[in-house]
Amino acid sequence: MRLYNSLTRKKEELVPLREGEVSIYACGVTVYDDCHVGHARGAVFFDVLRRFLEHRGLKVTYVRNFTDVDDKIIRRANEEGVSWREIADRYIEAHERDMGALGVRPATIEPKATDHVDEIVELVRDLEGRGLAYAAGGDVFYRVRRFADYGQLSGKRVDELESGARIEVNDVKEDPLDFALWKGSKPGEPAWESPWGPGRPGWHIECSAMSMKILGREFDIHGGGRDLLFPHHENEIAQSCGAGAGFAHCWVHNGFVNIDNEKMSKSLGNFFTIREILDRFPAEVVRLFLLSTHYRSPIDFSDRALTEARAAVDRVYTFLKQAEQGAAEGWREAPAALVAAVDGLEVDFDTAMDDDVNTAAALAAIFERVRLFNRVLTEGDGAAGRAAAAAMAAEVRRLGAVLGLFQDDPEGWFHAGVDLDEQEIEAKIAARLAAREAKDWARADAIRDELAGAGIVLEDGGGKTTWRRG
RNA sequence: GGCGACGUGGCCCAGUGGUAAGGCAGGGGCCUGCAAAGCCCUUAUCCCCGGUUCGAGUCCGGGCGUCGCCUCCA
């Protein structure tokens with residue numbers, strides 16, 4: 001497959017280091033608060049990338065870390081008067097709950113920075129020995145100008161960075177561009193012993209240390225949100241390649257979630273947490289929404305967009321509900337065009353996904369088939385046609401799984417989130433059926449209207465009446 | 001100021017030089033007791049101006065507009 005490599009700024013064929021295996025490191029979250037929809041986008045994207053590679057028969061080792069020691073965690077702990085560990089644990093748990101609810105599979109390995117302090121110290125010592133790091137006042141900094149390739153990933157030039165004058169002022173640094181590898185601890189702050197005195201890791205070093213520890217000094221894919229590209233990933237490259245590692249071959253960055261055309265972010269305060277959204281929309285709706293735009297483009301978050309995504313997911317489940325009523329036996333006897341449509345879905349799907357994870361095009365391939373086989377089902381194309389529709393449904397489910405979509409039971413999907421008691425609904429449907437048989441249309445419609453008022457939509461068809469949430 | 005991305009029908013969104021996928025919404029029709037769902041039909045000078053090419057939404061240049069990174073941020 002081809003993936004856009006931020007390092008070379010073009011799509012490149014993914015050629016794994018070890019045949020048949022792919023190693024991925026994606027930067028996770030700093031656990032100091034609940035995750036919002038922006039975090040969900042990154043998590044869902046890498047989840048889908050991983051599932052697709054597995055679908056293609058590759059063995060994927062997917063690492064996603066937790067940054068569990070950091071200034072923001074400490075600040076939050078101080079505000080609440082609890083330990084930093086308590087804050088970190090609380091939000092790791094919240095992250096697992098929210099991502100799990102979104103259908104994001106746990107990564108193969110989910111390391112925490114604080115479990116890898118030894119490796120971090122070791123890496124900093126290595127850099128110090130190479131003259132790329134220096135201790136100053138209990139801290140250790142990276143000597144940015146010593147690393148010739150600095151700026152390669154972000155396309156920034158060291159001289160231009162300095163003129164920006166937006167760099168942290170710090171008297172002990174040799175150069176304003178230098179960044180912290182190790183931070184000396186003040187009393188009461190989390191601290192680990194080190195050659196430079198008690199302290200804790202800087203932000204960027206943990207990802208270098210953990211990725212190389214777990215995946216090796218050279219691995220296939222490293223990624224995260226676009227905003228991590230600079231300085232975080234640039235600094236990781238400086239740290240790892242500075243220490244002589246080959247490091248990541250392909251850098252993959254997902255775009256932002258916007259609100260009213262503006263980046264959703266903590267600092268702007270214009271965010272919705274995953275939990276808030278899942279309160280109002282099913283996980284699959286959120287996933288389809290996130291996957292309906294290419295991962296590198298910005299995506300605008302709105303109620304309207306979510307509502308449209310819900311209608312789209314409903315459309316697929318409506319098809320599955322109809323198509324799965326029959327068996328797929330003998331479907332190859334169906335007209336050639338239908339057989340080709342079934343066989344062609346995986347081809348179209350894979351072609352789209354092979355091209356830099358084009359989930360929007362992959363979804364389009366599914367929707368094309370939904371329309372085609374809805375026609376087959378309404379026009380009653382005989383037993384073979386119905387069998388082909390059932391076969392198509394099975395393919396939609398199999399490939400939907402790669403996106404983490406369309407795995408629910410249609411009835412469960414359409415009945416979820418309804419307040420009324422199901423037996424009560426069935427009783428009203430039976431009463432309406434009696435009225436219809438007596439041709440008492442006024443009474444039949446009154447019952448339907450009553451249910452509609454409770455958000456229940458009735459559908460007559462195939463001699464039966466079914467219901468779903470509106 | 002430096003670097004970069006984007007601008008496709010009413011809305012969202014795909015499109016790897018050869019006359020535009022898909023979703024949502026609207027209108028008309030079929031089906032239905034009426035509906036709902038489904039199906040059929042229906043709407044695009046691809047931001048503007050130049051250029052390259054037999055041919056450009058797709059490549060190049062300029063303009064306008066929007067956004068992002070350069071500071072913690074998925």
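Computed from a predicted structure; not experimentally measured. First the proteins, then the strands, lettered A, B, ... as listed; each starts at 1.
- For a distance-only test at 3.5 Å, the side chain of E368(A) fails to qualify as a donor-acceptor partner of the base of G22(B).
- Position along RNA chain B of the nearest nucleotide to N358(A) versus T307(A) favours N358(A) as the more 5'-ward residue.
- Under 4.0 Å is where a charged nitrogen must lie from a carboxylate oxygen, and between R143(A) and E174(A) at least one such pair does.
- Looking at which nucleotide of RNA chain B each of A311(A) and V257(A) is closest to, the 5′-most match is held by A311(A).
- Cation-pi geometry between R386(A) and W331(A) is not met: the NZ or CZ atom fails to fall both under 6.0 Å from the ring centre and inside 45° of the normal.
- Heavy-atom contacts from other residues, nucleotides or ligands closer than 6.0 Å to NZ of K266(A) number more than 12.
- Residues R76(A) and E80(A) are paired through a salt bridge, judged by an N-O separation under 4.0 Å between the basic side chain and the carboxylate.
- Summarising the base pairing, C72(B) is matched to no nucleotide, lacking a Watson-Crick or G-U wobble pair whose two defining distances lie under 3.5 Å.
- Taking the C1' atoms as reference points, G65(B) lies 11 Å from C48(B), given to the whole Å.
- Counted by atom type alone, E110(A) and N65(A) present zero donor-acceptor pairs between their side chains at under 3.5 Å.
- Only the C1' atoms considered, C46(B) is 13 Å distant from A14(B), to the nearest whole Å.
- With hydrogens and angles left out, the side chain of K266(A) and the base of C72(B) share no donor-acceptor pair within 3.5 Å.
- Pair check for C59(B) finds G51(B); Watson-Crick or G-U wobble, both atom distances under 3.5 Å.
- Rounded to a whole angstrom, the distance from the C1' atom of G61(B) to that of U53(B) is 16 Å.
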Sequence-aligned protein contact record of nucleotides 33-41 of chain B, with B where the base is within under 4.0 Å of a protein heavy atom and S where only the sugar-phosphate is: BBBBSSSS-
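- Between A5(B) and G63(B), the distance separating the two P atoms is 16 Å to the nearest Å.
- Rounded to whole Å, the C1' atom of C41(B) lies 38 Å from the corresponding atom of C49(B).
- Smallest separation of non-hydrogen atoms from Y62(A) and R50(A): CD2-NH1, 3.7 Å.
- Across the P atoms, G28(B) and A35(B) are found 12 Å apart, a figure rounded to whole Å.
- For RNA chain B, the neighbouring residues in residues 340-355 of chain A, judged by any heavy atom under 4.0 Å, are D355(A).
- Nucleotides C24(B) and U43(B) place their C1' atoms 15 Å apart, quoted to the nearest Å.
- OP1 or OP2 of C69(B) has at least one side-chain nitrogen or oxygen of K263(A) nearer than 4.0 Å.
- A5(B) is paired with U66(B) under the Watson-Crick or G-U wobble criterion, all donor-acceptor distances under 3.5 Å.
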Taking only nitrogen or oxygen atoms into account, show me every contact under 3.5 Å that the protein makes with nucleotides 27-30 of chain B, one pair per line with its distance.
none

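- Whole-Å rounding puts the L291(A) CG to A14(B) C1' distance at 14 Å.
- Base pairing of C34(B): no nucleotide in any strand meets the Watson-Crick or G-U wobble criterion (both distances under 3.5 Å).
- Distance from the side chain of N258(A) is smallest for C67(B) among the nucleotides C67(B), G22(B), G23(B).
- Nucleotides C6(B) and C60(B) are separated by 11 Å at their P atoms, to the nearest Å.
- The two residues V29(A) and C35(A) make their nearest non-hydrogen contact at CG1-SG, 4.2 Å.
- H55(A) and D350(A) are linked by a side-chain donor-acceptor pair at a separation below 3.5 angstrom, with hydrogens and angles left out of the test.
- Note that R64(A) lies outside the cation-pi zone of Y25(A), set by a 6.0 Å cut-off to the ring centre and a 45° limit from the axis.
- Taking CD of E424(A) as the start and CG of D419(A) as the end, the distance is 11.0 Å to the nearest 0.5 Å.
- Here the shortest heavy-atom pairing between D98(A) and L278(A) reads O-CD1, 4.2 Å.
- By the 6.0 Å and 45° rule, K263(A) stacks over the aromatic ring of F256(A).
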